[in-house]
Protein chains: 2
Amino acid sequence: MPETARRADRPADRSDRLSGTRYGNRPTMKDVAARAGVGLKTVSRVVNGEPGVTPDTERRVQEAIEALGFRRNDSARVLRKGRTASIGLVLEDLADPFYGPLSRAVEEVARAHGALLINGSSAEDPDREQELALALCARRVDGLVVIPAGDDHRYLEPEIKAGVATVFVDRPAGRIDADVVLSDNFGGARDGVAHLIAHGHRRIGFIGDMPRIHTAAERLRGYRAAMEDAGIPVEDSWMSLGVTDPERVRRAAEAMLSGPEPVTAIFTGNNRVTVTVIRVLAERSRPVALVGFDDIELADLLQPGVTVVAQDAAALGRTAAERLFRQLDGSLVGPERIELPTRLVTRGSGELPPAG
Amino acid sequence: MPETARRADRPADRSDRLSGTRYGNRPTMKDVAARAGVGLKTVSRVVNGEPGVTPDTERRVQEAIEALGFRRNDSARVLRKGRTASIGLVLEDLADPFYGPLSRAVEEVARAHGALLINGSSAEDPDREQELALALCARRVDGLVVIPAGDDHRYLEPEIKAGVATVFVDRPAGRIDADVVLSDNFGGARDGVAHLIAHGHRRIGFIGDMPRIHTAAERLRGYRAAMEDAGIPVEDSWMSLGVTDPERVRRAAEAMLSGPEPVTAIFTGNNRVTVTVIRVLAERSRPVALVGFDDIELADLLQPGVTVVAQDAAALGRTAAERLFRQLDGSLVGPERIELPTRLVTRGSGELPPAG
DNA sequence: CGTGCGTATGACAACGTTGTCCAGGCTCTA
DNA sequence: TAGAGCCTGGACAACGTTGTCATACGCACG
């Protein structure tokens with residue numbers, strides 16, 4: 001059945017919204033032009049605020065637009081103009097409180113540049129990250145902000161070569177040379193652990209994510225560095241890696257808190273781990289010091305307040321997005337790695353002296 | 001200067017990325033066809049997995065696609081096909097922890113239907129909401145999930161008429177008839193306040209947002225209803241409306257906790273207010289009961305644990321998105337209002353007996 | 001009064017894809 | 001072996017917009 005016939009026929013078909021292939025007979029510039037009795041291009045001029053239209057003509061066109069409920073089809077516009085004024089954000093999990101502010105910051109920068117934000121969660125799955133990133137490229141986003149889930153981003157090479165501005169955040173890109181914005185994970189962790197050492201701790205536990213994740217590896221490295229700087233040999237039983245789900249974190253924490261020589265302090269490698277460890281410690285009578293990487297909400301209201309190494313998620317997002325738009329300006333020379341400082345926030349749990 | 005000339009010229013121009021109007025010479029199906037020595041449509045068939053291509057031809061095409069780094073231009077596809085396989089989400093603030101899970105839930109449903117999610121924050125500004133929603137319509141999203149900031153949505157009428165599926169979440173649409181998915185704000189608040197009354201409280205304070213916001217009004221109504229059911233006359237000094245920024249919440253709370261007849265319990269109208277009130281109460285020696293609307297993270301770890309009326313943000317998002325895709329299926333009859341139940345989570349703060 | 005110029009307007013092609021339709025070559029059967 | 005029918009592949013138009021270019025008109029000036 002030809003398209004045109006379908007348009008006119010069967011207006012009462014109840015599944016019209018879907019089966020009507022086109023956008024339910026949306027008016028086009030041609031329709032507006034016909035109604036206003038002007039040429040197609042004149043409508044285009046009015047819609048885009050281009051000069052060279054008499055006030056009288058403009059008024060007629062505006063009336064027609066109003067009457068028909070016309071709205072410019074940006075798909076066609078994009079096809080013609082080449083740029084979409086939209087950027088993509090691939091993150092790990094929108095529901096994670098860390099990414100809310102980050103995402104919001106990216107959005108604000110995009111908005112300031114007149115661009116929309118399209119985003120999706122990779123759920124920490126490299127394949128899904130790739131699928132998502134390429135889908136965004138197919139939509140011809142002008143740029144891409146990616147929080148890597150995988151560690152090989154060569155699949156983006158053709159896209160970058162084709163002009164898609166790309167910035168990686170939170171974790172570095174894998175096997176390609178690209179802009180990266182990250183927190184000083186190493187320095188932050190080192191400072192946090194040094195803080196515990198400064199308060200007299202020597203047996204300090206570390207619970208973090210798999211070292212295959214860059215941030216986790218860096219934080220572990222910071223832990224080791226601080227211990228080494230203090231001349232404290234690290235025992236294997238103090239470290240628990242690749243552990244994030246609450247049950248395993250709980251077991252790991254309990255393990256290092258038991259035995260003849262339990263740890264007197266714990267450094268946690270991310271917010272989810274921190275929360276679980278707080279629960280474990282709350283059930284114990286003997287006080288254990290705690291410093292966590294990433295801030296958590298209400299950390300100051302707990303007893304004791306939770307000392308953390310805080311990252312500025314919003315600053316990460318903002319910096320990345322700004323860098324992306326500067327790529328689009330063409331005002332950047334080459335890929336760069338930007339590291340943002342972390343901040344140690346002391347609230348009590350990190351200042352507890354060693355017990356036992 | 002003609003487009004084609006520009007393409008080829010000045011490859012070394014350092015602002016190439018921007019000034020090159022087109023997508024940096026991206027290969028098209030035509031290019032792939034030429035390289036593979038086949039017709040344009042054959043490439044289209046291969047890309048879309050349509051039948052009618054010999055394995056040998058398909059292989060040649062695939063090789064050409066690989067070699068050129070071709071990626072289908074979805075803008076053109078959308079223009080031709082009419083549907084974009086993307087939906088828009090207009091929410092209040094991505095950084096608000098309430099909207100993270102909601103947004104994520106919408107995304108999951110979209111993904112299950114093969115659609116992408118484009119979103120933006122209205123920052124509680126009706127004009128910005130409208131601007132955003134219409135921008136999404138210009139992109140020809142198939143559907144729109146809106147968390148209203150304003151109370152007049154007639155501007156969406158032409159869009160809805162043109163076939164844009166639309167669902168409002170968390171707050172009802174203003175002045176148009178549309179699908180709405182919300183929490184039982186009235187019932188939840190009433191139950192929460194009744195809970196306090198059941199524990200012996202009579203002088204119960206209420207701190208909430210401006211009643212012009214639907215959810216705030218409903219929660220206030222729930223508060224009043226519970227009090228009335230218990231035969232307790234409400235004094236004006238117990239209620240503080242339109243107060244959300246921390247400083248003013250603090251003053252409001254302190255005011256109702258002072259004087260000759262202070263309240264012995266407080267019901268807070270949303271999570272931000274709850275958090276501030278927790279801080280105020282933490283500084284006081286005399287225990288004051290507290291029930292908050294919206295759950296907050298780590299609420300169970302505080303002393304006492306915070307009793308809340310919890311909404312299921314993810315369920316709101318999921319329900320709305322599913323309803324949206326059912327609109328697109330054409331399997332729905334008319335607009336409907338769906339109310340999801342809330343859940344009272346007792347953790348201690350709401351079970352404190354009246355003091356003084 | 002004619003020429004020249006500037007401004008308002010419209011005709012037309014192109015953007016990259018997909019749907020329609022037709023041609024040519026093949027197989028299968030009578 | 002010829003004709004019918006099927007399968008593969010390609011030519012072409014269309015989607016709605018914008019950039020380019022040509023035209024027509026009005027006005028000032030010589």
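Note on naming: letters A, B, ... go to the chains in the order of the sequence lines (proteins, then strands), and numbering restarts at 1 for each one.
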Does [N] have its OP1 or OP2 closer than 4.0 Å to a side-chain nitrogen or oxygen of [X]?
| X | N | result |
| --- | --- | --- |
| Ser75(B) | dT17(C) | no |
| Lys81(B) | dG19(C) | yes |
| Thr42(A) | dT9(C) | no |
| Thr54(B) | dT8(D) | no |

### Query
Under 4.0 Å between a Lys/Arg side-chain N and an Asp/Glu carboxylate O for Asp329(A) and Arg326(A)?
no
Provide, to the nearest angstrom, the distance between the [atom1] atom belonging to [X] and the [atom2] atom belonging to [N].
| X | N | atom1 | atom2 | value |
| --- | --- | --- | --- | --- |
| Arg80(A) | dT17(C) | CZ | C1' | 15 Å |
| Arg77(A) | dG16(C) | CZ | C1' | 18 Å |
| Arg72(A) | dT18(D) | CZ | P | 5 Å |
| Leu40(B) | dT8(D) | CG | C1' | 16 Å |
| Asn48(A) | dG16(D) | CG | C1' | 12 Å |
| Lys41(B) | dG16(C) | NZ | C1' | 13 Å |
| Leu79(A) | dT17(D) | CG | P | 12 Å |
| Met29(B) | dC15(C) | CE | P | 15 Å |

Name the nucleic acid region contacted by [X], choosing base, sugar-phosphate or nothing; use a 4.0 angstrom heavy-atom cut-off, strictly under.
| X | value |
| --- | --- |
| Val38(B) | sugar-phosphate |
| Val53(A) | sugar-phosphate |
| Arg45(B) | base |

### Residue whose nearest DNA chain D nucleotide is more 5′ - Asp74(A) or Glu58(B)
Glu58(B)
### Query
Is it true that a side-chain atom of Asn48(A) and a backbone atom of Arg45(A) form a donor plus acceptor pair closer than 3.5 Å?
no
### Message
When you measure from the side chain of Ser122(B) to the backbone of Gly120(B), do you find a donor-acceptor pair of N or O atoms at a distance under 3.5 Å?
### Response
no
### Task
In sequence, state the C-alpha distance, the side-chain angles, and the governing distance for Asp93(B) and Ser121(B), and then conclude on side chain to side chain donor-acceptor pair (under 3.5 Å).
CA-CA 5 Å; Asp93(B) 182 1; Ser121(B) 304; 4.6 Å; no
### Summary
Only residue of Val109(B), Leu324(B), Leu316(B), Asn119(B) satisfying side-chain contact (heavy atoms from CB on, under 4.5 Å) with Val145(B) is Leu324(B)
